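Here's the structure, in C-alpha cells; my notes come after.
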Amino acid sequence: MSTMLETAERPAPNLIRQPSGTINDLAIRVGTVNGSGSQSANLVLLRSLHRMGIPCSGKNVFPSNIEGLPTWFHIRASAKGYVGHRLDPQILVCMNAQTADDDVRQLKPGSICIYRDELHLAELRDDVTFFSAPFSKLVEEAYPAEAGDKGYRDKLRKVINMVYVGVVAYVVGIEFDAIDWSIRREFPGRKAKAAEINIAAARRGHAWAEANLPRNLPYRVERMDATNGQVLIEGNRAAAIGAMFGGASVLTWYPITPSSSLAEYLEEMLKKYRTRPDGKRTFTVVQAEDELAAIGMAVGAGWAGARAITATAGPGISLMAEFVGLAYFAEIPVVIVDVQRMGPSTGLPTRTSQGDILKLHYLGHGDCKHIVLIPGSVGECYSMAIEALDLAQRFQTPVFVATDLDLGMNLWLTSSFEYPTKPIDHGKLLSAEDLERLGGFERYRDLDADGVCYRTVPGTEHPFAAYFTRGTGHNEKSGYSERPEDWKRNLDRLARKLETARCSLPEPVFDEPRRTSVGILAYGGTHYAIVESRDALRERGLDTSYCRMRALPVHDTVIDFIDRHDRVYVVEQNRDAQVATILKAVVPPRLVDRIRSITHYSGTPIAVENVAPAILAREGLTESTNGHGGERLARTSDEPTTE
C-alpha cells in the first residue's frame, strides 16, 4: 500500500452488517483530489442538511500540498445531535482513482458506494451496493461548452462535483430546495452565473439518479426542527470574532497551518469594524517574517498597553519559547492562540492533535508555568478569546488558548454568540491620578498579597510612572539584582500569582447523573466523542461520570472528581498522555493509580470507536452488538493505551 493511502482511516475488524435502514443517522465520505473544487460541493451537502434542520458537522481531511493529492470530506448528520467524527460511512462517493479501491475496502457490509463509471469498482466486493454514475457525461449535458471558452475543461473539472451532490441528494433524500439554497449561498452576488451552472449540474445528477437508481434506499434523512438559531462556523472564525469583541488592538502573526485563517478572519473584521469614518484605523496588524518576530512584536505591544494577540501552531510555539519566558518574568500581557496540529517536527501539518498541551503549560526555560484555556466548542473559541485578553491583562502574563485543527478549521454547529456585557478588564493599571494619590510606585511590589503587582504603561504622564522592564534578575523597584532573596521572592510571587489566577479561570464542566465508580476526563474537541461514547457505554451497562477540563492550571474540583471515582479514564489526542501526566503531578499520591489513559494520535479526529471499546476492554466487559451502534463498536482501538 502506498504512503499516499495511509492517510485514510483503516478498516475496522470483526464487523457485522449494518442495520437494514436508518433515518437521520447518516455518515457520508467523499473521496476526491485536493484542488479539484470539491470543497464547494461538499459544503453544499453539509449546509443542505443544516437547512433541513438536522444536526450535522463536516470534516475536511486534506493533504499539506496545493493540489493533486487525495482528500476526504466527512459529513455527519444525527437526530441525536452527535457531531463527532464517525469512522464508518454508510455512503461513499469515489471520485479519485488513486484511493477508490482502498476506500471501498474500508466500507462496512451494507454500505452504498457511488462512483464515477470509469473506475470499475463493483467487482471489489459483493456485500456493498454499488452505483456507477456517468459523471463526465452528465456534467457536459448540464454545462455544454460555449464557443471560444478556453477555460471550459478546467471549469468542467470543478462543476462535475455538483453532479455527485445531486446524486447523493436523491440517494439519501436531501430536499433539492435545500441544495438550491446552499449553492446560491456558496456562489453569491457576482457569482450568480456560477450558481446557475452548478445548480444545473446538481439537478442533472438528481434527475439521472431518480431515473436510474432504486427508490426507498436504506440510509435516509428527513426534515427536522433541531437547528433553529444555530449556525455552522469554524473555530478559527469564532476565535477571531471573540478577539475582536475582546478588544484586541494588535495582531502580529506568521502564516502557518492550521492557524492562518484565524489571523486572516481577524484582520478582515478589524478592517471592517475598527476603521473610523475618516479612514483612520484603531488597530495594527503585522504579518511578520517569522514566528519569533511575531511574538516579539506582540510582547512589545502588550508592554505598551495594547491588547495584543498572535496565532500559530506547534512549530511556531517552539520558536516563541524565549519571548514567552521574557513575558512571563517581566510580567507582560499577551495572548497566543495555538491551533494544534500533528507533530513532532513538521509532522502532519493538516492533521489534528492535542500534542502541545504540556509544552504550553510549561513553556520556557527555568521555572515557568502558564495559563492555558482549552475551548471544547466553537462557542468557547469565541468566549475564551475574549476571556484570554482579559486574563492576560488582569494577571500581566502570557495566556494560551489551545484549540486544534479539527475544532479550528472544520464547521461545527453552535448557537448564536452572546454579545459581551462585561467591561474590558485591564487589571491593576495605574493612571497619573492614581500615582499622584499613591505618592510612589514600585513595579514588582505585591501590595495586595495576591502575587499581582500594579503596572503603568508608556505615555502615563507622571514622574512616578517610569520603570525599567527587564528579563534579568530584579527587585521590587525593578532595579537589577542578583541577590538570592530577590530572585526567590520573585519566583515565589509568580507562583502565588498563578495560584490566584487558577480560581479565576473557566471552571470544569461536570456531568455526574448518579454515583458511579468510573469517570471520564477529557478536554477540547475530544468532548464530542466522549458524549457519544458515554451513551454507547451506558447501553452496555456501564454508567460513567464526565469531567471536561477547560483550563490549566488544574482546578481543585478536578482533583475532587478523581477522588470521587475508583478509576478515571483521561482521554486525549496525543501519544504521551500529557494531561494525565499533569494530573499525576498535582493529585495526592493516593489518587495517582486511579488515573488511566486512553490516547489517540493518528492525526484523524477522535471518534467513539477510539474511546468506548478501549474503556470496555479495560473494565473487562464483553461488548454487545445490541443498542447504540453495536456493529460500529465491535472495533478496538488501533493504538496503545497507557496506564
Side-chain angles (χ1 to χ4, degrees), residues 47 50-51 53 55-58 81 83-84 225-249 251 261-274 282-283 307-309 311 333 335-337 339 371-395 399-404 406-427 501 503-511 523-528 531 546-551 555 557:
R47 290 196 174 106
H50 178 253
R51 182 78 171 172
C56 55
S57 63
V83 293
D225 191 23
T227 59
N228 282 344
Q230 294 189 313
V231 297
L232 287 166
I233 189 172
E234 312 104 300
N236 282 357
R237 186 186 291 270
I241 296 171
M244 183 186 66
F245 277 105
S249 54
L251 164 66
S261 62
L262 192 160
E264 291 164 351
Y265 289 141
L266 180 54
E267 181 175 7
E268 177 185 333
M269 286 183 284
L270 289 172
K271 287 178 178 177
K272 183 175 181 179
Y273 297 108
R274 296 275 188 82
T282 60
F283 64 91
R307 286 166 80 87
I309 188 169
V335 172
I336 304 127
V337 183
V339 188
I371 295 169
V372 184
L373 306 188
I374 315 173
S377 66
V378 290
E380 289 185 347
C381 288
Y382 164 76
S383 62
M384 288 189 182
I386 298 174
E387 191 164 7
L389 288 160
D390 276 345
L391 289 169
Q393 291 199 318
R394 187 187 313 165
F395 296 105
V399 173
F400 290 96
V401 181
T403 73
D404 58 66
D406 184 29
L407 194 58
M409 293 192 71
N410 289 321
L411 287 165
W412 300 84
L413 274 178
T414 184
S415 300
S416 299
F417 301 147
E418 294 184 4
Y419 193 89
T421 55
K422 294 192 303 182
I424 286 176
D425 185 354
H426 295 291
C503 300
S504 300
L505 305 182
E507 294 186 2
V509 177
F510 298 98
D511 184 10
Y523 56 93
T526 301
H527 168 68
Y528 298 100
V531 170
Y546 178 33
C547 167
R548 179 166 66 87
M549 281 180 51
R550 300 198 298 159
H555 199 276
T557 55

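None of these values were measured; they are calculated from a predicted model. Just so it is clear, the values below take in all heavy atoms, side chains as well, and ignore hydrogens, waters and symmetry mates.
Shown here are the ring-ring contact (aromatic ring centres under 6.0 Å, His included) partners of Y265, two or more places apart in sequence or in another chain: there are none. Listed by chain and residue number, A392, Q393, R455 satisfy the side-chain contact (heavy atoms from CB on, under 4.5 Å) test with P333 (two or more places apart in sequence, or in another chain). For the side-chain contact (heavy atoms from CB on, under 4.5 Å) test, residues two or more places apart in sequence or in another chain that qualify with E507 are H555. By the ring-ring contact (aromatic ring centres under 6.0 Å, His included) test, F417 pairs with Y382, sequence neighbours left out.
The two residues L262 and A239 come nearest to each other via the heavy atoms CD1-CB, 3.7 Å. When all heavy atoms of S261 and N236 are compared, the closest pair comes out as OG-ND2, 2.8 Å. In terms of heavy atoms, I386 sits closest to G242 at CG1-O, 3.1 Å. P55 approaches G81 most closely through the heavy-atom pair CB-CA, 3.9 Å. The two residues F395 and A501 make their nearest non-hydrogen contact at CZ-CA, 3.5 Å. When all heavy atoms are compared, the tightest approach of W412 to V83 is CZ3-O, 3.6 Å.
One finds the CG atom of L391 at 10.0 Å from the CE atom of M384 (value rounded to the nearest 0.5 Å). Atoms CG and OG1, from L232 and T227 in turn, are 8.0 Å apart once rounded to the nearest 0.5 Å. Rounding to the nearest 0.5 Å places CD1 of I233 at 11.5 Å from CG of L413. Here F283 contributes atom CZ and Y273 contributes atom OH; the two are 13.0 Å apart, rounded to the nearest 0.5 Å. Atom CD1 of I424 sits about 4.5 Å away from atom CZ of R307, to the nearest 0.5 Å. Between I241 atom CD1 and C381 atom SG the span is 11.0 Å, to the nearest 0.5 Å.
Under a 4.0 Å N-O distance rule, the pair E268/K272 does not qualify as a salt bridge.
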Donor-acceptor contacts, no H, no angles, side chain residues 372-380, under 3.5 Å, sequence neighbours left out:
{"unit_1": "S377", "atom_1": "OG", "unit_2": "G379", "atom_2": "N", "d": "3.4"}
{"unit_1": "S377", "atom_1": "OG", "unit_2": "E380", "atom_2": "N", "d": "3.1"}
{"unit_1": "E380", "atom_1": "OE1", "unit_2": "G376", "atom_2": "N", "d": "2.7"}
{"unit_1": "E380", "atom_1": "OE1", "unit_2": "R548", "atom_2": "NH1", "d": "2.8"}
{"unit_1": "E380", "atom_1": "OE2", "unit_2": "R548", "atom_2": "NH1", "d": "3.4"}
{"unit_1": "E380", "atom_1": "OE2", "unit_2": "R548", "atom_2": "NH2", "d": "3.0"}
{"unit_1": "E380", "atom_1": "OE2", "unit_2": "R550", "atom_2": "NH1", "d": "3.0"}

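R274 places no side-chain N or O within 3.5 Å of a backbone atom of S249 that could act as its donor or acceptor partner. Although no hydrogens or angles enter the test, the distance criterion places no donor-acceptor pair under 3.5 Å between the side chain of T403 and the main chain of G408. The backbone N or O of D390 sits nowhere less than 3.5 Å from a side-chain atom of D425 that would complete a donor-acceptor pair.
The salt bridge (charged side-chain N to carboxylate O under 4.0 Å, His left out) contacts involving residues 226-249 comprise E234-R237, where partners must be two or more places apart or lie in separate chains.
Here the side chains of I309 and L266 are in contact, with some heavy-atom distance below 4.5 Å.
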